Amino acid sequence: MYRYDEFDRRFLEERVAQYRDQVRRRLIGQLTEEEFRPLRLRNGLYLQLHAYMYRIAIPYGTLSPAQLRMLAYIARKYDRGYGHFTTRQNIQFNWIKLEESPDIMADLASVEMHSIQTSGNCIRNTTSDPFAGVADDEIEDPRPYCEIIRQWSTLHPEFSWLPRKFKIAVSASAKDRAAVHVHDIGLYLVRNAAGEVGFQVLVGGGLGRTPIMAKVLRDFLPKQDLLSYLEAALRVYNEYGRRDNIYKARIKILVQALGIDKMRDAVEAEWSKMDHEPLDLTKETIAGIYKHFAPPAYGKPERDDDAVINTAIAADKKFSRWLKHNVANHKQPGYSIATVSLKPPGKPPGDITADQLDLLAELSERHGFGEVRVTHEQNVVFPDVRRGDLVAFYASLASSGLGTANIGLASDIIACPGLDYCSLANARSIPIAERLGEHLAAREEEIGPMKIKISGCINACGHHHVGHIGILGVDKNGEEFYQITVGGSADELSAVGIIVGRAVPSDEVNGAVDKLLDVYLAQRDDGEDLPATFRRIGMEPFKEAVYGTR
Amino acid sequence: MAASHESEPNVVTNETSHQAVTANRLRDGIPIYFAGGGSWSPNIGDSVTAENGETLLAEAIRGPLPLEAVGVYVIEVRLAEGAVRPIGIKEQIRAFGPTA
Amino acid sequence: MVLVKNGQVASDYWQHIEDTDPLPQAGAVTISWARWLSERDSITRGPSELGVRLPNTIAADDVGADAGRFGLITVTYPNIGDGRAYSQARILRSRAAFKGEIRAIGSVVRDQLQFMQRCGIDAFELPEKALTEDWLAALSEFDLFYQPAEDSRPWIARQRHGRN
Ligand code: SF4
């Protein structure tokens, strides 16, 4: 993974010193809250219902054991012993004191982490495929480009005060595991007719009040031009994005207003006028970053790997279930990609305790090359587990409550913090997710792949629009209600779910979801996921099941 | 926020309907409640309440707004057996912590 | 109001003329962009006596070839969040090759000074408290940068390869 050099380290020290002084000025009253707020937000600090919430960037989701241990330390020392992984490969702590936040930032810097630009109207943490570098269907490792973008976007002098937040995701596989279509700019590594690798550039995706899937801005962008092209696109957005209405300020609204063709013309025109040279990615720059992501020293497959696994499958139903759902193919023979579920039914999705963080650190050293990835689905990936070690790895997880075998199933629910923590929320998400996960666990094997996503308000941090089943908390005269959508999807066939009918109170959510699932199970063709069935049969059967005929 | 109560005639239609003033504390962000006489308390039970929260609000922010109180606003509360209980799920969660 | 130019307190010898007032015969003046557009043909002052106040809704490319007519261009920040003037300043420096003073006016905030400076802004109109609260220290809070901009300072990707 990427390791800081002297420049990165000194830069971060400068940032910590700057932030410490900003906090000092606020605490003595030199800065008003209005003046301070944008400054703390650009360092990931929100004021929520119970305390400050601190959001830490996990660039493209990658964490080392030292970083995991530092997060555990922060959870214990500054928080209440747990954190929450978000849908954008960040981690949040909920019980932070402003006066301690500069110390946390300094602690993070000691393990090459920070919270820069995890909030505010600027370029946010660049996200990627959690299987990057190990996926068997990948064109090229996307992480080096994420790192290049991370550096370029960090305290960018021109683009730190945009009309609204700006999110970039990079993926390199045919199977999209990074929700690229719902990003302001999405980048797919692709090969052109001449066999060269470059980027397909998408623009204008996003959820929230106006969910829109990104459109193709450019079919093929040579690698060398990545930063100059991004700079051109950001400049067009900075100049022409709306600033009069926060709900219309994302780049997706600009793209919608201009139309994708005019948007493309504007970006290309800006790009053609710019001096590219300073931003050109030279071969040596790319190679310099790439060497941080060189594949580890993989061992040869052991002859008895399969025997060990097969014995365990026969002996232990739980292991075999876990193997089926949580383990994916690795590009290297003899290795597997294992996903640790942070969705034990009945628990808050994506939450992790300090002890669990420590355990993951230890396991990543024992079963892998000291690296884990957090996913936008709020789970943790171990990218390099030897096949022969899977049994032992699972045993360690299971004994610590991390052995849930539900990746991609109905109880693998995405949920935002909702009204239990978030000051913008209309309704709670976590209790809904807990009850629904527990309720569905019994039949999820029969249901098969299923994405259920819950947001506590229209900001859609829980990505409800792109859930096969989406649940959105709404407020009706001070009461919590939930609006349910079907047919959404965040993969390469991305789609926005459609509202089934009037919102239901919290105690009717489980029943409504059951009915939607009944329709799906009764009507699906072989191998069809819910969005496919929905596309084929339409809304009527789903609506009727939940609300009856008129 | 207080408009509907202010315009009501001065008869007690709901003997427990009151208002209080809340904020978050600057240095650690915790919810605090205006306790009268320029003081704030993390305990909602210490709140001063009134039928018209706007008057309380004016009192709470009189002079320069105290540095410690961030985002001051009025909330609806109920006085039940002498205890102050916020009305609405959001303020209840703020006052008593997450439910999950 | 305090004027800071090239990192030092400076006196403002420019007169900022409202659209309704006549231009004085001599002396350095700034006029609005709208006035420039309507009176440009009759204005004969040289660049050392002519400045223009650019609204942040104007594409900086529109200044284009006119840039050489001005000794000062002001760019404006209506509030901390409105960052359009950063792009304007960069375009003025990089494409219009403007060499005169670019001055930030409006809501100019301490913690943004270094961003502004990197975008090519070399003068700032600041509130009086800027001096007592040592705002100028903000101009040197960072000496490492991850991207090229309109200042001549080195940036990290180049420094790594031993180039400045
Ligand atoms: S979706 Fe709404 S409630 Fe949930 S975390 Fe985002 S802003 Fe808060």
Side-chain angles (χ1 to χ4, degrees), chain A residues 23 26-34 36-37 40 45-54 78 80 82 84 94-101 346-349 351 415 417-435 456-457 473 475 477-481 506, chain B residues 1-5 14 16-34 38 40-45 47 53 57 60-78 85-100:
Chain A
V23 171
R26 174 68 184 118
L27 289 172
I28 61 170
Q30 250 181 34
L31 291 172
T32 63
E33 185 60 19
E34 199 192 351
F36 179 60
R37 195 169 164 274
R40 69 165 155 77
L45 202 74
Y46 284 76
L47 184 50
Q48 295 285 29
L49 294 181
H50 312 293
Y52 291 91
M53 182 270 275
Y54 191 42
Y78 303 104
R80 296 192 178 174
Y82 65 99
H84 172 80
N94 297 305
W95 303 94
I96 298 301
K97 299 181 170 76
L98 171 64
E99 56 196 1
E100 290 182 342
S101 60
K347 291 279 163 47
D351 274 17
L419 190 54
D420 283 300
Y421 296 94
C422 176
S423 62
L424 300 172
N426 283 325
R428 283 171 287 176
S429 308
I430 296 171
I432 298 295
E434 290 178 344
R435 285 203 298 270
C457 80
D475 173 290
N477 303 322
E479 301 276 325
E480 298 167 289
F481 274 73
S506 60
Chain B
M1 208 170 226
S4 61
H5 288 265
N14 174 358
T16 55
S17 170
H18 281 258
Q19 296 188 322
V21 171
T22 187
N24 286 74
R25 190 158 68 191
L26 173 64
R27 64 188 159 86
D28 57 9
I30 67 165
I32 49 176
Y33 300 88
F34 183 56
W40 294 77
S41 166
N43 183 353
I44 189 169
S47 296
L57 183 67
I61 63 177
R62 186 174 307 145
L65 178 67
L67 185 58
E68 67 168 338
V70 176
V72 185
Y73 63 98
V74 173
I75 57 170
E76 307 284 323
V77 296
R78 208 153 40 88
R85 234 191 118 74
I87 293 173
I89 180 77
K90 179 172 183 170
E91 288 304 324
Q92 283 163 15
I93 289 173
R94 247 182 110 243
F96 307 120
T99 62

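By convention in this document, chain letters (A, B, ...) are assigned in the order of the sequence lines, proteins followed by strands, and residues within each chain are numbered from 1. This is a predicted model, so every value here is computed, not measured.
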Novice: Just by distance, which donor-acceptor pairs between chain B and chain A come in under 3.5 Å?
Specialist:
from: B:L26; atom 1: O; to: A:Y52; atom 2: OH; distance (Å): 2.6
from: B:R27; atom 1: O; to: A:L98; atom 2: N; distance (Å): 2.9
from: B:R27; atom 1: O; to: A:E99; atom 2: N; distance (Å): 3.1
from: B:K90; atom 1: NZ; to: A:S423; atom 2: O; distance (Å): 2.7
from: B:T99; atom 1: N; to: A:D420; atom 2: OD1; distance (Å): 2.7
from: B:T99; atom 1: OG1; to: A:D420; atom 2: OD1; distance (Å): 2.7
from: B:T99; atom 1: OG1; to: A:R428; atom 2: NH1; distance (Å): 3.0

Novice: So which of A:L47, A:I96, A:I430 has the largest heavy-atom pair count under 4.5 angstrom toward chain B?
Specialist: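 The answer is A:L47.
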
Novice: Counting heavy-atom pairs under 4.5 Å to chain A, which of B:G97, B:A95, B:G71, B:A100 comes out on top?
Specialist: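 The residue among B:G97, B:A95, B:G71, B:A100 with the greatest pair count is B:A100.
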
Novice: Tell me the closest heavy-atom pair linking A:G478 and B:I89, and the distance in Å.
Specialist: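 Taking every non-hydrogen atom into account, O-CG2, 4.2 Å.
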
Novice: Below 4.5 Å from any heavy atom of chain B, which atoms of A:L27 appear? Answer side chain, backbone, both or neither.
Specialist: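 When you check distances to chain B, atoms from both the backbone and side chain of A:L27 fall under 4.5 Å.
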
Novice: To the nearest 0.5 Å, what is the distance between CG (A:L419) and CD1 (B:I93)?
Specialist: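 Reported value, rounded in 0.5 Å steps: 4.0 Å.
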
